[in-house]
Amino acid sequence: MSEDHEGVRTGDDPTKAILSESGLNSKHLCDYVVNVATGCRHGCKFCYVPSTPNIRTRPDMLEEEVDVENGQKEWGSYVLYRDELGERLDGHLDRKRKWRETRRGRGVVGVSFSTDCYMDGRSGKITRNVVKALTDHEKYTRVLTRNPILALQDLDVFQTAGEYVTIGSSIPCMDAGQVTAIESNAPAPEHRLRGLKEFNKHGVQTFVSMSPTYPTQDKNNLREHLERVAECDPAVVFHEPINPRGGNFEMTVQAARDAGEEKLAEELDRLRNRERWIEYATNHLRWVQEIGQEMGLPVHLWPDKQLIKHVSDEEQIWLQSWRDRQSPEEFAEREDPASPIPNIPHMSV
Ligand code: SF4
């Protein structure tokens with residue numbers, strides 16, 4: 001184990017996993033995932049990863065390799081890298097005969113959804129080999145990173161991969177103060193957008209994930225945000241509101257407060273009231289759909305299952321239709337027999 005200049009404990013990940021089937025097809029993202037590391041130095045407060053089995057079920061490994069006592073509480077302060085993953089994946093794909101392709105996941109491989117694959121130089125090196133192995137085997141590859149500027153070092157790999165790769169970033173809001181408050185170590189939103197614009201300029205397909213939008217954003221803010229996001233000409237803009245669940249949410253509110261973002265902390269705190277959360281979440285989904293349509297932007301909503309349970313029948317049909325249909329991207333496209341999206345119902349909240 002060693003500790004770097006940012007105070008992050010690093011080591012080697014002994015995990016044998018190479019390519020795993022994923023439930024992220026429910027979000028129209030992928031059927032498989034490849035994760036280049038365990039742990040993520042960005043340490044976003046709302047991150048769901050530390051509460052997944054990947055972290056929860058491996059306390060011995062975390063303690064042994066990076067001296068971590070509590071993988072959840074210490075999230076953001078440790079990373080175990082899988083340095084040889086690209087080479088192992090290459091061999092694995094040579095041998096693999098069956099490939100899973102669901103209607104919503106399209107057989108796509110997500111890199112990486114349990115860590116940021118370009119969080120630093122070492123992870124970037126692994127990612128380069130992973131993307132190369134996947135696209136050399138003609139597997140559609142969806143790269144998600146909050147640091148697309150660093151990913152530009154591999155522009156040659158992305159350009160060679162052509163239609164087999166798309167790169168996206170999570171850009172929930174353009175206000176750097178608010179974003180940095182709860183995504184403490186990740187690059188600022190302008191930086192993320194700049195990286196995606198560069199990829200787009202060089203002919204690489206892009207996507208944006210507005211996930212999660214903040215309760216401090218009103219309709220005008222969301223419009224301005226979508227106008228900015230449109231600058232990278234994304235093939236799709238995914239959107240979801242925040243869901244105030246679990247211990248991570250407490251940490252998110254506290255982090256906003258600690259960073260002096262009082263308004264954000266206050267508005268997040270109000271979401272603990274279910275009626276307020278339903279109002280905010282349905283409004284954001286409705287506004288993003290409306291503005292996206294007006295702008296001709298390919299938007300795709302991710303409504304939460306819990307939210308669908310608590311809205312009117314008409315709203316349920318509207319929101320469920322988004323869960324059932326494919327994203328509007330041409331990337332790895334398959335035929336979609338789903339019916340068109342019903343119009344947005346009049347809101348009762
Ligand atoms: S970048 Fe992604 S994986 Fe990393 S801490 Fe943030 S949300 Fe979690």
Within the distance-only criterion (no hydrogens, no angle test), does the side chain of [X] pair as donor or acceptor with the backbone N or O of [Y] below 3.5 angstrom?
X	Y	value
Arg82	Asn35	yes
Ser123	Cys117	yes
Glu261	Thr180	no
Ser209	Phe207	no
Asp116	Arg146	yes
Trp99	Gly107	yes
His225	Ile171	yes
Thr115	Ala37	no
Gln316	Ile308	yes
Arg228	Glu224	no

Can you confirm whether more than 12 heavy atoms, excluding those of [X], are under 6.0 Å from its [atom1] atom?
X	atom1	value
Arg100	CZ	yes
Lys132	NZ	no
Lys73	NZ	no
Glu227	CD	yes
Glu262	CD	yes
Lys96	NZ	yes

Just wondering, do [Y] and [X] contact through their side chains at under 4.5 Å, heavy atoms?
X	Y	answer
Ile18	Leu85	yes
Gln72	Asn248	yes
Asp120	Tyr81	yes
Tyr32	Tyr140	no
Thr135	Thr160	no
Leu307	Thr282	yes
Arg122	Val79	no
Arg325	His300	yes

What class does the angle between the rings of Phe158 and Tyr118 fall in, given that below 30° is parallel, 30 to 60° is tilted and above 60° is perpendicular?
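The rings of Phe158 and Tyr118 sit tilted, inter-plane angle from 30° to 60°.
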Under 30°, 30 to 60°, or over 60°: which ring-plane class applies to Trp75 and Tyr78, parallel, tilted or perpendicular?
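Ring orientation, 0 to 90° scale: perpendicular.
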Specify the closest pair of heavy atoms between [X] and [Y], including all atoms of both residues, with the distance to one decimal.
X	Y	value
Gly121	Leu150	N-CD2, 4.1 Å
Cys30	Val108	CB-O, 3.2 Å
Asp233	Thr206	O-OG1, 3.7 Å
Ala161	Val165	CB-CG1, 3.8 Å
Thr213	Met210	CG2-CE, 3.8 Å

Given Lys309, Arg323, Arg245, the one that forms side-chain hydrogen bond (donor to acceptor under 3.5 Å, both in side chains) with Asp304:
Arg245
State, without any angle test, whether Ser77 and Arg9 hold a side-chain donor-acceptor pair at a distance under 3.5 Å.
yes
Scan side-chain atoms only and decide if Asn283 and Arg286 contain a donor-acceptor pair under the 3.5 Å cut-off.
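Checked: Asn283/Arg286 side chains pair up, N/O donor to acceptor below 3.5 Å.
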